[in-house]
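Proteins get letters first, then strands, A, B, ... in listed order; numbering begins at 1 in each.
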There are 2 protein chains.
Amino acid sequence: MSSSNDHHPITSKYMWLAGLLKQQIEAEIWQPREAIPSERQLEVKYKVSRPTIRQAIDYLERSGLVYREHGRGTFVSPQKLQKGMQELTSFSEDLIRRGIKPGQIIRSISRVVPTENILRRLEMEPGTTVLQIERIRLGDNTPIGLQTSFVVLEEGQEITKEDLEKSGSLYAILQEKFNIIPTEADETLEVTLATPEEAILLHIKTDAPLLLNERLTYNQNRKPVEFVKILYRGDRYRYITRLSR
Amino acid sequence: MSSSNDHHPITSKYMWLAGLLKQQIEAEIWQPREAIPSERQLEVKYKVSRPTIRQAIDYLERSGLVYREHGRGTFVSPQKLQKGMQELTSFSEDLIRRGIKPGQIIRSISRVVPTENILRRLEMEPGTTVLQIERIRLGDNTPIGLQTSFVVLEEGQEITKEDLEKSGSLYAILQEKFNIIPTEADETLEVTLATPEEAILLHIKTDAPLLLNERLTYNQNRKPVEFVKILYRGDRYRYITRLSR
DNA sequence: TAATAGAACTGGTATTAACCAGTACTAACA
DNA sequence: TGTTAGTACTGGTTAATACCAGTTCTATTA
């Protein structure tokens, strides 16, 4: 099971075509709002049938790289570089994207029986254990957040401190070690004030305002994967997301 | 082929099928995680070709109503009622969904020349005017947010105080009066502290923590439609969203 | 000259037909 | 008895073909 391609594994002809077109769009062969070749033209050029062409363009449209106008053509979306911002991201992917160097201090990592509330949210049987990970998140080497994760793992599936220190990204480990792929998440954000303990860890004053981010993550089949609580320093973090309908 | 369906106008056979399946799913004909009939079975039952069946199921899958497993079948997603939470919503749609009665006090509505910063974000020519709307947002009749909207409107396109008071939703007015449909938005959330003026309007103390939500909304073709700033009372509002990749 | 009909493009929908690729169960085999 | 190979399901991919439905421009017409 070799990789050889990260974003668009060539598993099918339409994915190969989509990757090819994506490359050209990113190389700015066409300007934003400029039309790409019509489906009939692509059909001739790449010698594939129109259904396949349309499948490839469907994919690009869903990814937000192009938009279609009936009777006019298919056009390159403006806003280069912002691609994928709507994607479900991990903390480290998120910071890298903004040009900030991510870092972390792992405070603890152990199997625990979570509170009833968390157990219910993770849709688990009473008495089951989850992996709890407590981390201090750094941005350019200064603390910006306190994170506590509760990860649903079978008996025998374990993640070590070394795994986390090497990769930095929990999502990358889940995918590589256990083939668990987070695909959807419900998030809430609200304002809270720092407790004395939190204040010390984040190098701020007690009662300083914090951004509390709670996230429940699901895999492909809507099974809960992880519940996370992150307390961000109000003065050093801004949450960014993209919505669509 | 009667209507009886509001969200999915019957414009095509696959949409008709999708609506039909959606009704059955919502009527809980099949339990969550239970398989719906296979594509070949549906082909016979509804007398449509498999590509059409697949188009309908593609739509349902994107909507999050079902998920597919290669070699096993297509299954009903759990979590009824949460459908559409990932959608781009207006403030009022948002509150209704949570069972809170939305309300508003319109403080001002007028054409203004916005600041350079906002002009740039809305991708407009210098000197152009936008419609500025200042509102106090209410939840169950108490203030929970201060909202300032900057809406891109052509000369002649106007929205009156009466329009807003009647409908309550800016998005509904944009769609009905001018056929402008917001489809995507970039949002940021951060913590700020209340200025004396903001404190008075929101019935809180100066320097109380607030949740600042900025949103830039785009239409189908990625043209900016609206820039909004909303200051929420930290003690009365929790932001909810859904992410997916 | 201005309005209009139509041709020639664009993407959208639908059908037919094969075959590939996972999954799960069963019957034959060692 | 336990393993294995087969088979009959599932969804996934690709093709060839036809026609529908918007958009744009041009050449004809009044």
Could you state the CD1-C1' distance from A:Ile57 to C:dT10, rounded to the nearest angstrom? 11 Å

Checking B:Ile57, B:Leu42, B:Leu21 against B:Thr74 for side-chain contact (heavy atoms from CB on, under 4.5 Å), the one that qualifies is B:Ile57

Consider the side chain of A:Pro51, meaning its heavy atoms from C-beta on, and name the nucleotide among D:dA16, C:dT15, C:dT13 that approaches it most closely. D:dA16

Picking from D:dT13, D:dA16, C:dA14, which would you name as closest to the side chain of B:Gln55? C:dA14

Between B:Ala18 and B:Tyr59, the two heavy atoms sitting closest are CB-CD2, 3.9 Å

Looking only at the side chain of B:His70 (C-beta and beyond, no hydrogens), which of the listed nucleotides C:dA21, D:dG22, C:dT15 gets closest? C:dA21

Closest to the A:Ser49 side chain, choosing from D:dA15, D:dC19, C:dA18: D:dA15

State, to 0.1 Å, how close A:Leu17 and A:Tyr46 come at their nearest heavy-atom pair, and which atoms those are. CD2-CD1, 4.1 Å

Least distance between heavy atoms, A:Leu164 atom then A:Arg135 atom: CD2-NH1, 3.5 Å

Between B:Glu187 and A:Tyr239: side-chain donor-acceptor atoms closer than 3.5 Å: no

Take atom CD1 of B:Ile53 and atom C1' of D:dT10, then tell me their distance rounded to the nearest Å. 15 Å

Are any of the side-chain nitrogens in A:Glu61 or A:Arg68 under 4.0 Å away from the carboxylate oxygens of its partner? yes

For salt bridge (Lys or Arg N to Asp or Glu O under 4.0 Å), just list the numbers for B:Glu39 and B:Arg54, CA-CA rounded to whole Å, side-chain angles, deciding distance to a tenth of an Å, and then say yes or no. CA-CA 7 Å; B:Glu39 296 176 357; B:Arg54 283 184 62 77; 2.9 Å; yes

Under 4.0 Å from OP1 or OP2 of D:dA15: is there any side-chain N or O of A:Lys47 that close? no

For DNA chain C, which residues in residues 33-46 of chain A have a heavy atom at a distance below 4.0 Å? A:Ser38, A:Glu39, A:Arg40, A:Gln41

What side-chain donor-acceptor pairs closer than 3.5 Å can you find for residues 111-119 of chain B, not counting sequence neighbours?
{"unit_1": "B:Arg111", "atom_1": "NE", "unit_2": "B:Glu158", "atom_2": "OE2", "d": "2.9"}
{"unit_1": "B:Arg111", "atom_1": "NH1", "unit_2": "B:Thr129", "atom_2": "O", "d": "3.4"}
{"unit_1": "B:Arg111", "atom_1": "NH1", "unit_2": "B:Thr129", "atom_2": "OG1", "d": "3.1"}
{"unit_1": "B:Arg111", "atom_1": "NH1", "unit_2": "B:Leu153", "atom_2": "O", "d": "3.3"}
{"unit_1": "B:Arg111", "atom_1": "NH2", "unit_2": "B:Leu153", "atom_2": "O", "d": "3.4"}
{"unit_1": "B:Arg111", "atom_1": "NH2", "unit_2": "B:Glu154", "atom_2": "O", "d": "2.9"}
{"unit_1": "B:Arg111", "atom_1": "NH2", "unit_2": "B:Gln157", "atom_2": "O", "d": "3.2"}
{"unit_1": "B:Arg111", "atom_1": "NH2", "unit_2": "B:Glu158", "atom_2": "OE2", "d": "3.1"}
{"unit_1": "B:Thr115", "atom_1": "OG1", "unit_2": "B:Ile118", "atom_2": "N", "d": "3.3"}
{"unit_1": "B:Asn117", "atom_1": "OD1", "unit_2": "B:Arg120", "atom_2": "NH2", "d": "2.9"}

Measure OH/A:Tyr67 against C1'/C:dT10 and give the value in whole Å, please. 14 Å

Which comes earlier along DNA chain C counting from the 5' end, the contact point of B:Val48 or that of A:Arg50, where each point is its nearest nucleotide? A:Arg50

Protein-nucleotide distance (B:Arg54, atom CZ; D:dT10, atom P), rounded to Å: 13 Å

I want to verify a distance call: between C:dA14, D:dA15, D:dT13, whose nearest atom is closest to the B:Thr52 side chain? C:dA14

Atom pairs, N/O to N/O, protein against nucleotides 24-26 of chain D, distance under 3.5 Å?
{"unit_1": "D:dT24", "atom_1": "OP1", "unit_2": "A:Arg72", "atom_2": "NE", "d": "3.4"}
{"unit_1": "D:dT24", "atom_1": "OP1", "unit_2": "A:Arg72", "atom_2": "NH1", "d": "3.0"}

Please state how far atom CZ in A:Phe75 lies from atom P in D:dT23, giving the value in whole angstrom units. 11 Å

Rounded to whole Å, please give me the gap between CZ in B:Arg68 and C1' in D:dT10. 12 Å

With heavy-atom distances below 4.5 Å as the criterion, would you say the side chains of A:Ile109 and A:Leu131 are in contact? yes

Take the protein atom CG of B:Asp58 and the nucleotide atom C1' of D:dT13, then report the distance between them rounded to whole Å. 12 Å

Counting side-chain heavy atoms from CB outward, which of C:dT13, C:dG11, D:dT13 is closest to A:Tyr14? D:dT13

Which pair of non-hydrogen atoms, one from A:Ser77 and one from A:Tyr67, has the smallest distance, and what is that distance? OG-CD2, 3.7 Å

